[in-house]
Amino acid sequence: MSHLPDRLYATPQAQLGDFAFNEDVVRVFPDMIKRSVPGYPTIVENIGVLAAHFAQPQSILYDLGCSLGAVSQAMRRHVRSEGCRVVAVDNSAAMISRCQEYLNAQDAMYQELLPVQVLEADVLTIDFAPTSLVAMNFTLQFIPPEQRLPLLARIRQALLPGGALILSEKLCFADAQQQTLLNDLHIAFKRANGYSELEIAQKRSALENVMKPDSLEVHRQRLLEAGFSQVVPWFQCLNFASLVALP
Ligand SMILES: Nc1ncnc2c1ncn2[C@@H]1O[C@H](C[S@+](CC[C@H]([NH3+])C(=O)[O-])CC(=O)[O-])[C@@H](O)[C@H]1O
Ligand SMILES: O=C(O)C(=O)Cc1ccccc1
């Protein structure tokens, strides 16, 4: 399994198209996400811990926007409840096929892992079965803003009592000074991880039309509007945060 360094934006691109989760991104994705998202490894591992806390016997755990299945793998390492299974969903064919390979490799290394079903599908069109845990790790920010509330409302409806939604997102900030500071610090994080000014600028521009972060306040209000009763931030590193929303 290839773990290539991310050089996708290292050379000047004549035509900077919109960022897409295609074959080129899949090849470098583990390196890209680790060097771009402060706290990513900590978030992924601890989603496993949170999943084990909320998982109920004989229930489904969803990993929505699973990419290469890092969250599904963490859930499989941590969840011990009887009869649970993971459903991992992504609408990128390139991601889904590599995700299945990684999960097969995990199956070959460990015994008695939860079964996983890998689905190439749009999270906006799937029907949710009753579930004790839904993880959306940096996926909602890629969903068109007007679709976010209806999606969260459908997730809320599918959640069993005692279950939870884990929502990780890049944040923006209403206060201009706070926005500038945390944006500068995120750029400093990328620089410290070996990205050049050109790589940082080109990726930023490719993401502009595709990834639309909200503020913590917008997330909280929308989750309450979707029918969640409580929103609890459990992790933040710079402008990246993860919340638990309870039904
Ligand atoms: N409508 C959609 N339906 C299904 N999938 C979608 C949709 N829109 C985007 N995606 C998928 O959401 C994923 C977002 S990456 C998640 C990281 C992962 N969770 C991780 O913990 O490694 C976040 C990032 O790269 O910043 C991509 O794989 C998209 O194809
Ligand atoms: O790179 C960025 O600036 C991000 O905000 C996160 C990211 C990470 C991986 C793919 C797309 C976006």
Side-chain angles (χ1 to χ4, degrees), residues 6 8-9 18-48 50-51 61-75 86-99 102-103 118-126 128 134-148 150-152 154-155 166-172 182-191 193-195 199-214 235 237-242:
D6 171 22
L8 286 186
Y9 295 102
D18 280 349
F19 186 89
F21 292 97
N22 56 26
E23 196 55 63
D24 293 336
V25 168
V26 165
R27 267 193 287 275
V28 301
F29 191 73
D31 182 65
M32 170 187 274
I33 195 150
K34 226 184 324 132
R35 289 165 64 210
S36 304
V37 176
Y40 174 79
T42 306
I43 292 176
V44 168
E45 199 56 33
N46 283 292
I47 288 178
L50 271 69
L61 290 74
Y62 283 102
D63 176 6
L64 303 181
C66 60
S67 297
L68 300 178
V71 165
S72 294
Q73 290 202 28
M75 289 180 183
V86 176
V87 177
V89 184
D90 204 289
N91 66 352
S92 157
M95 282 292 186
I96 280 295
S97 93
R98 188 67 61 87
C99 177
Y102 281 126
L103 290 167
V118 177
L119 267 184
E120 182 187 333
D122 187 334
V123 297
L124 294 172
T125 61
I126 59 171
F128 293 106
V134 177
M136 289 190 94
N137 204 36
F138 305 108
T139 301
L140 193 67
Q141 59 199 14
F142 292 99
I143 301 291
E146 69 280 5
Q147 302 290 341
R148 293 176 189 180
L151 172 61
L152 293 172
R154 289 196 305 117
I155 291 171
I166 302 172
L167 179 64
S168 311
E169 290 275 293
K170 183 177 189 174
L171 296 179
C172 64
L182 286 167
N183 185 50
D184 288 351
L185 290 174
H186 182 219
I187 290 173
F189 172 87
K190 286 193 165 191
R191 245 182 240 128
N193 283 312
Y195 284 122
E199 285 175 294
I200 294 169
Q202 292 195 122
K203 174 133 183 255
R204 172 158 302 257
S205 147
L207 280 171
E208 214 159 45
N209 296 323
V210 181
M211 192 181 92
K212 307 232 154 104
D214 289 316
F235 185 90
C237 186
L238 306 183
N239 45 352
F240 289 78
S242 190

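When a ligand or atom number is given, it counts from 1 through the structure's own listing order. As the structure is a computational prediction, the values presented were derived from the model and not from experiment.
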Seminar exercise, completed: Taking only non-hydrogen atoms of Q141 and a 4.0 Å limit, the atoms of ligand 1 in range are 26 (O)

For this session: Walk me through it: do V26 and L68 pass the test side chain to side chain contact (heavy atoms under 4.5 Å, CB included)?
Result: CA-CA 8 Å; V26 165; L68 300 178; 4.2 Å; yes

Exercise. Heavy-atom distance under 4.5 Å between the side chains of L64 and F128, does that happen here?
Worked result: yes

For this session: Give yes or no for whether the N/O distance cutoff of 3.5 Å, strictly under, is met between G65 and ligand 1.
Result: yes

Exercise. Under 3.5 Å, is there a donor-acceptor pair between the side chain of S242 and the main chain of F235?
Worked result: no

Exercise. Using a heavy-atom cut-off of under 4.0 Å, does the side chain or the backbone of I143 touch ligand 1, or both, or neither?
Worked result: side chain

Exercise. Just which atoms of ligand 1 are under 4.0 Å from any heavy atom in M95?
Worked result: 28 (O)

For this session: Verify salt bridge (charged side-chain N to carboxylate O under 4.0 Å, His left out) between D24 and R27, making sure each step is shown before the conclusion.
Result: CA-CA 5 Å; D24 293 336; R27 267 193 287 275; 2.6 Å; yes

For this session: Evaluate the side-chain proximity of R98 to E23: yes if any heavy-atom separation is below 4.5 Å, no if none is.
Result: yes

For this session: Specify side chain, backbone, both or neither for F21, according to which of its non-hydrogen atoms lie closer than 4.0 Å to ligand 1.
Result: side chain

For this session: Compare all side-chain heavy atoms of M95 with those of C66 and state whether any distance is below 4.5 angstrom.
Result: no

For this session: For ligand 2, would you mind listing the residues that have at least one heavy atom less than 4.0 Å away, ordered by chain and number?
Result: F19, M32, S36, V37, K170, H186, K190, K203, L207, M211, F240

For this session: Work out whether the distance between some heavy atom of A121 and some atom of ligand 1 is less than 4.0 Å.
Result: yes

Exercise. Is the closest N or O pair between D90 and ligand 1 shorter than 3.5 Å?
Worked result: yes

For this session: Please test F240 against F138 for side chain to side chain contact (heavy atoms under 4.5 Å, CB included), starting from the C-alpha separation and ending with a verdict.
Result: CA-CA 9 Å; F240 289 78; F138 305 108; 3.7 Å; yes

Exercise. What atoms in ligand 1 come closer than 4.0 Å to a heavy atom of S92?
Worked result: 30 (O)

Exercise. To the nearest 0.1 Å, how far is atom 16 (C) of ligand 1 from its closest protein heavy atom, and which atom is that?
Worked result: S67 OG, 3.1 Å

Problem set entry | Heavy atom of the protein closest to atom 21 (O) of ligand 1 (residue, atom name, distance) | N137 ND2, 2.9 Å

Problem set entry | Six-ring centre of Y195, R35 cation under 6.0 angstrom, axis tolerance 45° | yes

For this session: Check each of V44, N91, L119 against atom 4 (C) of ligand 1 and report the one with the nearest heavy atom.
Result: N91

Problem set entry | For ligand 1, the portion of V71 having any non-hydrogen atom under 4.0 Å away | side chain

Exercise. Who's the nearest protein heavy-atom neighbour of atom 1 (N) of ligand 1, and how far?
Worked result: D122 OD1, 2.8 Å

Problem set entry | Side-chain heavy-atom pair R148, P145 within 4.5 angstrom cut-off | yes

Seminar exercise, completed: shortest atom 24 (C) of ligand 1-to-protein heavy-atom contact is with F142 CE1, 3.6 Å

Problem set entry | F21 vs I96 side-chain heavy atoms within contact, under 4.5 Å | no

For this session: Kindly identify the option in Y40, F138, F19 whose heavy atom sits closest to atom 20 (C) of ligand 1.
Result: Y40

For this session: Would you indicate whether the side-chain heavy atoms of Y40 and V44 approach each other to under 4.5 Å?
Result: yes

For this session: Give yes if a backbone or side-chain nitrogen or oxygen of V123 is under 3.5 Å from a nitrogen or oxygen of ligand 1, and no if not.
Result: yes

Exercise. Hey, which atoms in ligand 1 end up nearer than 4.0 Å to a heavy atom of T139?
Worked result: 12 (O)

Exercise. Within less than 4.0 angstrom of ligand 1, does M32 place any heavy atom?
Worked result: no

